[in-house]
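Counting convention: from 1, in listed order, for ligands and their atoms alike.
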Amino acid sequence: MKKTAFNSVVALLLASSTLAFSQFAMAHAHLKTAVPADKMVVDSFLHNLGLTFTEDVEPAFSGIEVLNAQHQPVAVGKAQFSGEQHNKLVVQFDPPLQSGSYQVNWHVLSVDGHKTKGSYTFSVK
Ligand SMILES: [Cu+2]
């Protein structure tokens with residue numbers, strides 16, 4: 001009898017910690033949409049790139065790096081919020097991007113204090 005009660009307490013604890021964990025996991029800032037998108041081919045003279053995340057992020061601890069086909073970093077301004085949208089970071093290309101293939105490496109700190117990162121590629125016609 002005691003054992004059964006203990007088991008149900010353990011089961012309850014496990015269930016609640018699993019729930020807490022999954023809520024935490026859901027709070028991470030994952031990449032929701034990217035413009036240009038993964039594997040997209042866009043017209044030349046691309047002026048900016050925007051990444052929208054599933055959670056708000058801290059721009060001071062987040063960054064977007066863009067590499068050209070020779071794996072050299074392309075000049076981008078500091079990643080900044082898109083207006084009032086705190087889950088979207090934008091970088092400007094100055095000068096605009098010419099033809100070629102590019103790799104985007106991003107890292108963000110979400111407002112809940114978790115770090116996530118990722119990368120993808122796109123091309124300019
Ligand atoms: Cu998180």
Engineer: Does some side-chain heavy atom of Trp106 sit less than 4.5 Å from a side-chain heavy atom of Thr116?
Structural biologist: yes
Engineer: What distance do Asn105 atom CG and Thr121 atom OG1 have between them, rounded to the nearest 0.5 Å?
Structural biologist: 10.5 Å
Engineer: Measuring to the Cu ion (ligand 1), does Glu55 have an N/O/S atom at a distance below 2.8 Å?
Structural biologist: no
Engineer: May I have the angle between His28 ND1 and His114 ND1 with its vertex at the Cu ion (ligand 1), rounded to 10°?
Structural biologist: 110°
Engineer: Taking the side chain as every heavy atom from C-beta outward, state whether Val90 and Gln92 have any pair of such atoms under 4.5 Å apart.
Structural biologist: yes
Engineer: Tell me which N, O or S atom of Asp112 sits nearest to the Cu ion (ligand 1).
Structural biologist: OD2
Engineer: Measuring centre to centre across the rings, with the benzene-like ring taken for any Trp, is His86 within less than 6.0 Å of Phe81?
Structural biologist: yes
